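I have placed the structure first, in the form of structure tokens, so that the comments after it can refer back to it.
Nothing here was measured: the structure is a model prediction, and the numbers come from that model.
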Amino acid sequence: MTITTAFCDLHPQYELAADENIRIHLVKRSEGLTEAHCTHPYCDRHYSRGFGYFSSGMDQQDIRSLVEQHRCGLNHDIEYMALIRIDSVLIWACPVGSCQATQFYWII
């Protein structure tokens, strides 16, 4: 699935915007969503396919949360899923353009 709009995992009512300034790259990406940041005015949350969701000033809790984040698991385990909306329902989706993998988004 091609992701055109993704949302912040901390502020799911705010879209992510493309971010060319993120300098963290594990693997170069050629398709789909790559790097983005939250559009909430006071949020420093970012998303990268290789790191998932993270804050600019990462601490131990953020590092632990990277391990717990949703990954696709279908032939490309390194990809972290992005939060998207389909028919007004939030779900986790794989950022690889040809992959259709999704997971439920649970609000705690």
Side-chain angles (χ1 to χ4, degrees):
M1 120 182 11
T2 300
I3 296 175
T4 56
T5 305
F7 296 87
C8 179
D9 63 332
L10 299 181
H11 305 102
Q13 68 274 26
Y14 285 88
E15 293 182 10
L16 297 181
D19 195 338
E20 300 299 322
N21 295 321
I22 294 178
R23 304 276 184 234
I24 302 171
H25 300 282
L26 285 180
V27 180
K28 290 192 177 203
R29 309 294 181 197
S30 61
E31 60 176 292
L33 180 67
T34 53
E35 287 84 24
H37 68 277
C38 180
T39 55
H40 184 285
Y42 301 106
C43 183
D44 72 343
R45 202 74 170 152
H46 297 272
Y47 169 83
S48 170
R49 287 170 61 164
F51 280 94
Y53 287 89
F54 61 94
S55 297
S56 296
M58 288 179 59
D59 60 14
Q60 292 289 15
Q61 183 176 354
D62 283 325
I63 293 169
R64 278 193 304 274
S65 76
L66 290 178
V67 176
E68 298 166 358
Q69 288 187 40
H70 297 268
R71 290 183 187 239
C72 176
L74 296 177
N75 302 317
H76 38 266
D77 291 343
I78 197 166
E79 304 291 345
Y80 283 95
M81 295 183 129
L83 190 59
I84 68 166
R85 188 171 280 139
I86 296 178
D87 297 329
S88 2
V89 176
L90 289 167
I91 62 167
W92 294 104
C94 180
V96 174
S98 59
C99 186
Q100 298 295 313
T102 60
Q103 295 177 11
F104 288 108
Y105 173 73
W106 300 101
I107 299 174
I108 300 173

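In terms of heavy atoms, Met81 sits closest to Cys94 at CE-N, 3.7 Å. Summarising the geometry of Tyr105 relative to Leu90, their closest heavy-atom pair is CB-O, 3.2 Å, with the distance given to 0.1 Å.
Ring planes of His11 and His40: parallel class, angle under 30° (limits at 30 and 60°).
Looking only at side-chain heavy atoms (C-beta outward), His46 and Leu16 stay at 4.5 Å or farther from each other. No side-chain heavy atom of Arg85 sits under 4.5 Å from any side-chain heavy atom of Thr5. Residues Phe54 and Ser48 have side chains in contact (heavy-atom distance under 4.5 Å, counting atoms from C-beta outward). The shortest side-chain heavy-atom distance between Tyr80 and Cys72 does not fall under the 4.5 Å cut-off. Here the side chains of Trp92 and Ile84 are not in contact, with every heavy-atom distance at 4.5 Å or above. Contact check for Phe7 versus Gln13: no side-chain heavy atoms found under the 4.5 Å cut-off.
A donor-acceptor pair is defined here as one N or O able to donate and one able to accept, closer than 3.5 Å; such a pair exists between the side chain of Thr39 and the backbone of Glu15. Within the 3.5 Å criterion, the main-chain N or O of Arg71 finds a donor-acceptor partner in the side chain of Gln103. Distance alone, capped at 3.5 Å, is enough to place a donor-acceptor pair between the Tyr53 side chain and the Leu83 backbone.
To the nearest 0.5 Å, atoms CG (Leu10) and OG (Ser55) are separated by 6.0 Å. From His37, atom NE2 reaches atom SG of Cys8 across 10.5 Å, with rounding to the nearest 0.5 Å.
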